[in-house]
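What follows is a short report on a single structure.
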Amino acid sequence: MKKRLFIKTYGCQMNVYDSARIAELLTPLGYEAATGPEGADLVILNTCHIRDKAVEKMFSELGTIRRLKHAQERHGGRMVVAVGGCVAQAEGAEILERAPFVDIVFGPQAYHRLPEMVARAATERVLDTSFPAEPKFDYLPETSATPGVSAFLAVQEGCDKFCTFCVVPYTRGAEYSRPAAEIIAEARRLADSGAREITLLGQNVNAYHGLSPKGGVWGLGELIGALAGIPGLARLRYTTSHPKDVDDALIAAHRDIAELMPYLHLPVQSGSDRVLAAMNRRHTADQYRRTVERLRRARPDIALSSDFIVGFPGESEADFRATTDLVRDIGFAQAFSFKYSPRPGTPAANAADQIPEPVKADRLAILQALLHEQQQAFNQACVGEVLPVLFEKPGRHPGQLVGRSPYLQSIHAEAPAERIGDIVPLTIRAALPNSLAGAIAPQSPSLDGVAA
Ligand code: SF4
């Protein structure tokens, strides 16, 4: 008999990827996807620790699940409740203690054992937050779900950098790179099932150093080179990168591999060397500038995106000005910026010189205004240009499709549904606040087969 599985996913693309793999893992046990938790046989919260107040928000969500579970029990049913992801890893037994109706708590490195945990949950409550000696990828089934036009593929996991604000090294564990042959095989399956674009995922993706098919070690540049030849695959991207791990081979890949899109999310966090050192980022602001220069020499049209933290402990007005100076020097096409908020268990959380909230809020407003201005300028500069757009899905209005430019901008245009999966030249007509509007360019039926 079919059982209903509801997974709620928080946070990053890696969690989205993990949730898809969890669903595949549970399919042989008879679970099929439900659109909501009501009446589900198994509810999984795949949590994220990066969000502000992540733990409180998770317990609040669990309150809703508890009411649904008890309602189900009153009607003679049973709902198994599982909490996974980075909050589960960090909080572990605390979740079982505070939420007695939760049946399973599992960490991101343990989810390949979920079928066994679900079976055990019939008679006991299960906690599995160990970092197994064996890589979980060896125990996951081959990807089988239809991926859509744009797919994710995890190539690396964990992080050894230990930035002082970040929980990832504690929740995801040490860096692990999947062997290249395994990644190439998964990419081929995705392409065979219709994926035209693959985004390679990793917490520190350009630290990738996986076993090559011939027995040596490949970095991310070499891996991208091997993936670029896969038939049907028109576009490659990767995220999230660390500036210190941008090596010569990766820069050469941006120069030489047409399938590698000219867009890079390269978090810098701060423009102040003092703050970068306190964050343990292992590079200076000028080293970041030089890396960007090299990338731009290799691929002049590359668009840059970044992450910023304002109000890190000890950040002075001069430090903050160094950040806005760096933003002006680089010119970002897009960026994510946040106020520093302490993550329990990380070194910066205990720093004495925390910045008052109003100061953080003022600095964030200034930075976001600057970043917004740069994003608008970048989008506005595209108006009148013809960009190759990979149509991904129907738009909000009938007869409309939505796709992505090489620079990851979301673009909508009138086009028939059968063009989903095609790369089509669009003339950009307008830059809207969060997207672009385009129209199919005349006399250019398709750019398919041509790397965009
Ligand atoms: S490199 Fe990224 S994932 Fe690793 S500790 Fe720093 S911020 Fe966290």
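Counting starts at 1 for both ligands and their atoms, following the listed order.
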Relative to the heavy atoms of [X], which atoms of ligand 1 are at a distance of less than 4.0 Å?
X      : answer
Lys161 : 1 (S), 4 (Fe)
Phe162 : 5 (S)
His242 : 1 (S)

- Closest non-hydrogen atom pair, Pro231 against Arg188: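 Minimum heavy-atom contact is CD-NH1, 4.0 Å.
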- Message: Tell me the closest heavy-atom pair linking Arg237 and Ser405, and the distance in Å.
- Response: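 It is NH2-O, 3.0 Å.
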- Message: Just to be sure I read this right, does ligand 1 sit under 4.0 Å from the backbone of Phe165, its side chain, both, or neither, counting only heavy atoms?
- Response: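 Side chain only.
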- Mode of Pro169 contact toward ligand 1 - side chain, backbone, both, neither (heavy atoms, under 4.0 Å):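 It is the side chain that touches ligand 1; the backbone stays farther off.
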- Query: Does ligand 1 have any atom sitting under 4.0 Å from a heavy atom of Arg281?
  - Reply: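 Arg281: in contact with ligand 1 (<4.0 Å).
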- Which class fits the ring pair His265 and Phe336: parallel under 30°, tilted 30 to 60°, perpendicular over 60°?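 If you compare the ring of His265 with that of Phe336, the planes turn out perpendicular.
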- Item | atom 6 (Fe) of ligand 1: nearest protein contact (heavy atom, Å) |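 For atom 6 (Fe) of ligand 1, the nearest protein heavy atom comes out as Cys163 SG, 2.3 Å.
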- Message: Less than 3.5 Å apart, any donor N or O on the side chain of Gln368 or Ser337 sitting next to an acceptor on the other?
- Response: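 Note: Gln368 and Ser337 side chains meet the donor-acceptor criterion.
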- Query: Is atom 8 (Fe) of ligand 1 less than 2.8 Å from at least one N/O/S atom of Cys166?
  - Reply: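 Short answer: yes, at least one N, O or S atom is under the cut-off.
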- Assess the pair Phe378 and Phe332: is the distance between their ring centroids shorter than 6.0 Å?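 When the ring centroids of Phe378 and Phe332 are compared, they turn out to be at least 6.0 Å apart.
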- Whether Gln203 side chain and Gly158 backbone form a donor-acceptor pair below 3.5 Å: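 Answer holds: yes.
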- Task: Starting at CD1 of Ile355, measure out to NZ of Lys339 and round the result to the nearest 0.5 Å.
- Result: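 Between atom CD1 of Ile355 and atom NZ of Lys339 there are 13.0 Å.
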- Message: Below 2.8 Å, can you find an N, O or S atom of Cys159 next to atom 4 (Fe) of ligand 1?
- Response: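 Under 2.8 Å: Cys159 contacts atom 4 (Fe) of ligand 1 through an N, O or S atom.
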